[in-house]
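Report on the structure given below.
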Amino acid sequence: MTETVAAPGLSAGTALARPKVRRARIRGKWPVLVLFLPPALLLFTVFVILPMGEAAWYSFYNWNGYGLPTQWIGWKNYELIFRQGAFRNALVNNGLIILVSICIQVPLALWLATMVTKHIKGATFFRLIFFLPYVLADVAAGMIWRFVYDGEFGLVANIYHMMGLNAPFWLADKNAAFSAVLGVIVWKYFGFHMMLFIAGLQAIDKSVLEAADIDGATGWQKFRQVTLPLLGSTVRLSVFFAVIGSLQLFDMIMPLTGGGPSNSTQTLVTFLYSFGVMRMQVGFGSAVGVVLFVICVTLAFSYKRIFMKND
Amino acid sequence: MTDTATNPIDAAKAQTPGRSLRFGTKAYLYTCLIIFAAVVVIPLVTTALGGFKTLGDLRGNAFGLPSTWMVSNYADILFSQRYWLQMGNSLLIAGLTVFLTLAFAAMAAFTFAHVKFFGSQFLLNYFLIGLMFPAATAILPLFIRIRDLGLLDTYWGVVLPQVAFGLGMSILLFRNYFRSLPTELFDAAFVDGAGYLRFFWHISLPLSRPIIATVGIISFVGSWNSYILPLIMLNSESKYPWPLGIMVYRGEFSTDWQLILAFITLTILPTVIVFFAAQKHIIAGLTAGAVK
Amino acid sequence: MAGLELRNVAKNYGTVSVIEGINLSIEDGEFVALVGPSGCGKSTILRMIAGLEDISSGEVAIGNEVVNDLTPRERNIAMVFQSYALYPHMNVYRNMAFNLELAGKPKAEIDSRVRQAAQMLELEPLLDRKPSQLSGGQRQRVAMGRAVVRDPSVFLFDEPLSNLDAKLRVQMRSEIKALHKKVGVTSVYVTHDQVEAMTLADRVVVLNRGVIQQEGSPMELYRQPANLFVAGFIGSPAMNFFEATVTGNTARTAGGEVFTFEPGPKVADGQKVSVGIRPEHLQLGAYGIAGQVSFVEPTGGQTFVTVDVSGLPVVVTVNGEEVVTPGDSVNIMANPRQTYIFDGRTGERVSLN
Ligand SMILES: Nc1ncnc2c1ncn2[C@@H]1O[C@H](COP(=O)(O)OP(=O)(O)OP(=O)(O)O)[C@@H](O)[C@H]1O
Ligand SMILES: [Mg+2]
């Protein structure tokens, strides 16, 4: 199934060489253009491109969203953003998420992928279990973990109680809260990365690994010297998704901490929400949006340029 | 993945164990897998069980079975209008989103794949810009636009932006799929005198079931789970999809964890059931977008 | 270097038995070809020797040591895969050096051994290339090189030439033979091409459905096939067969054709048998079995003539100079000493030859 679905997609970059058939006489070229293109084009322009452009425009105003933006304040919103401690927290937190994704989540996903691609009973079952959190809504996952971390009724609290200790409220502790959030992020998303790695592992020619067996490689050497280099593009893809995902993180934070305590768990998007949307600071919020946009585009482009140019 | 039924079995290529694993290796594998499976499953199972407990039970006994099964926690929710209303709202929003995404993306992708026209490559790239940033970046202007269009607090206010942001990926997937269909089909159909419209309807679409499933699953799951757009666009609780509803519910019963857990369980139950029932398609769908 | 011995080696997948108790002993330095139709279990045997596949029962011994429980790593074997299985991310040099690196050999030794092997296989100009930048024949050579740089006790080949075109195959065939002469390592060579097996091997083992049908030198198999299967499998074009009934030293077909042969001890009157005669042992002549030429395939030096004998196609090899045209009425003559008789039930050869 994966094959049939993914395969056509794979040919994306390598533009299929099609014979240049003259199709001038085929009927209905204009009707099809006039009928098929406008709905998508209109929707996309009105709800994606224009808002983005407007965000850039509004970001230079002090505006509460009513009437027309009139109070031009230049770059002040941007200055304000960078002076906010909460924004710096958000930036650092997003960086931390990326770091944890790369240092913990991706290796963990790869490690589990190598295990569930072995021929053991129940491998498929384990795959399903590991993928399950990814399918759940972020909001639900956040909610569930808020319960897990709850200092009175939650699982963590129960463990502490069993040991006769007083349970901490991690999510309310500004030093511990973000670590707790990071744990949930790994829990929620490692299954997705594992699936990427499973696909990558299955694409490796089995006989190459057997050749390594014959050449005398131990399990670790085989992994380090053959499997891992051959998974290079999958690793880069996985990291790419981790980066993009971190920049969008919002739904899960809200039920967990809402960005608190004292803004210690803000991400860029929760920051935008709490300081732009909640306070109806359209100009300021738009400026945050623009910053986020610039970060996304820069990261995506440079990452693709630098690491994925051959993929 | 590899369909062993259609490929001949060859000992040198078969996906079979070859050499079976040593006992030690197996023990190690199962230990690790079971530990991680437990980390994944325990929060879910305790959540579901927690919904059957009393609050006091939860405090001392979060891991175990309920000392008395409080079926009423679940029953009250199941017999409340709010649960069904939220599920209905989510379903409606997701259904509309899927339908519009499929229709618009397939049509646009078809023109990109088959119709030669000036600016086609440029327009395609224009849509692909949408892949680069999340909806959140433009959320405030989007809110203002929806408000000015008078769509605030309507389903359309959520659906249309969702469709718009899903178009980039969907068009890409559709276009690549259309282009991978054999060229002979087109030549044959065009020689037979079919126009583009007929070709789209009678040949492209019927052959596109796999990609329709993929795009459909991606946009359905996205919409079903989405939170930020409804949060900003909807005001009245009667229109809330379940992720919003769950937050409201939590706000109301802030410390009655047993009720909240029951509510969470019931809201994620459809997802879990559908996931296990259609796991192959869902996993394929959700990873297809990634390995594009 | 070491000999190799299979004792009652069997393999089954669940209840499906794929290899049924094979005994085979290969001497130090010997070149043995395993040949048989597709699916007969050749690869399976090879992979059991290599340690890539579990052995369901029986023992594999390399140089007197039973290796059943050893991993491929511990068996010190080299293998050339049908798909070559080159490491796509390593250049030719590292592909060949990998084993030596893993074995912890000193750099200088690795270098000299790789270069020596590269020279032997004419790979020197390609050492920096990745496998994706090589032609099929070159890849094949690298796969060989990877095996040659080592000092293995046994060489295993799994249809190493089947992905090459016909010309290259013939060329590589002689290179493999030359290589074996030079390094003299015990080799097991799997192929479904009987010509390849016959030209390369000191000894050929014919396999069918997981059972050894016969083993022997190429000419033994050709001259004295043990049974119907070997007779039909070895030789090209394949042997002609006729269903017949024995009377004394003759066998008569239902169509009335009579073949004379040299009976062995197990022949009895009235026995149902198959008569087998190779195309090259038949001659067109003035008398003998009558038939009509149905078609003619000239190949240059020889021409294969298919003659219709009572509805049965019989292939006869004749000299390329001879003029035969479809529709001709001809007579076929057979030499009794080159006429094989196989028992109709067991397929065993019962004629003296
Ligand atoms: N995993 C498996 N499960 C069941 N049967 C198998 C399996 N692998 C191989 N077989 C069977 O084992 C037999 C031998 O396979 P093997 O690959 O060794 O044949 P082969 O002689 O190498 O054929 P070929 O010339 O096509 O490579 C085949 O009949 C095949 O169907
Ligand atoms: Mg084989």
Side-chain angles (χ1 to χ4, degrees), chain A residues 1-6 8-9 11-12 16 18 26-29 32-33 36-37 39-40 43-44 47-48 51-52 54-55 65 115 119-120 126 128-131 133 135-137 139-140 143-144 147-148 153 155 158 195-196 202 248 250-251 269 272 276 282 285-286 289 292-293 296-297 300, chain B residues 1 17 29 33 37 40 43 46-47 58-59 62-63 104 107-108 110-111 115 117 127 130 132-134 136-138 140-142 144-145 160-161 163-165 167 173 176-177 179-180 183 190 195-197 210 214 225 227-228 243 246 257 264 268 271 275 279-280 283-284 287-288 290-292:
Chain A
M1 192 64 212
T2 328
E3 232 94 302
T4 45
V5 174
S11 51
L16 287 174
R18 344 184 94 253
I26 299 166
R27 285 183 292 127
K29 173 170 170 171
V32 86
L33 284 183
F36 279 18
L37 223 36
L43 216 57
F44 188 74
F47 294 110
V48 179
M52 204 54 243
E54 285 159 354
M115 294 204 279
H119 288 278
I120 52 171
F126 283 112
L128 278 188
I129 293 295
F130 294 154
F131 195 67
V135 185
L136 298 181
V139 173
M143 216 52 131
I144 289 170
F147 159 67
V148 171
F153 305 102
L155 301 186
N158 269 260
M195 280 298 164
L196 294 186
Q202 281 170 341
Q248 306 192 0
F250 172 78
D251 296 9
V269 183
L272 192 161
V282 177
S286 296
L292 183 56
F293 175 83
C296 282
V297 172
Chain B
M1 312 260 148
L29 284 176
L33 289 175
V40 168
T46 48
T47 297
L58 208 54
R59 188 204 305 265
F63 287 100
F104 292 174
M107 292 189 323
F110 179 80
T111 63
V115 187
F117 62 96
F127 278 111
M132 286 193 308
F133 57 92
T137 51
L140 275 166
L142 197 58
I144 289 170
R145 156 123 319 121
L160 294 180
V163 174
F165 272 92
L167 279 175
L173 289 172
N176 291 340
Y177 188 85
R179 294 192 67 154
S180 72
T183 338
F190 291 133
Y196 282 114
L197 288 177
T214 301
N225 291 346
Y227 174 63
I228 191 166
I246 213 176
W257 269 112
I264 298 174
I268 62 173
T271 313
F275 173 64
Q279 20 126 338
K280 260 200 186 133
I283 293 176
T287 42
V291 284
K292 66 164 188 298

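None of these values were measured; they are calculated from a predicted model. Residue numbers begin at 1 in each chain, while the letters A, B, ... track the order of the sequences.
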Contacting moiety of [X], where chain A heavy atoms sit under 4.5 Å:
X: Val40(B); result: both
X: Leu58(B); result: both
X: Phe165(B); result: both
X: Ile144(B); result: side chain

Region of [X] that comes under 4.5 Å of a non-hydrogen atom in chain B:
X: Phe293(A); result: both
X: Val269(A); result: side chain
X: Val48(A); result: both
X: Leu128(A); result: both

Of all heavy-atom pairs between [X] and [Y], which one has the smallest distance, and what is that distance?
X: Met107(B); Y: Phe36(A); value: O-CD2, 3.4 Å
X: Pro43(B); Y: Val148(A); value: CB-CG2, 3.9 Å
X: Pro243(B); Y: Val139(A); value: O-CG1, 3.7 Å
X: Ile264(B); Y: Ala140(A); value: CG2-O, 4.5 Å
X: Asp251(A); Y: Ile228(B); value: OD1-N, 4.0 Å

When the ring planes of Trp257(B) and Phe147(A) are compared, do they come out parallel, tilted or perpendicular, using 30° and 60° as the limits?
-> tilted
Would you say the ring centroid of Phe127(B) lies under 6.0 angstrom from that of Phe44(A)?
-> yes
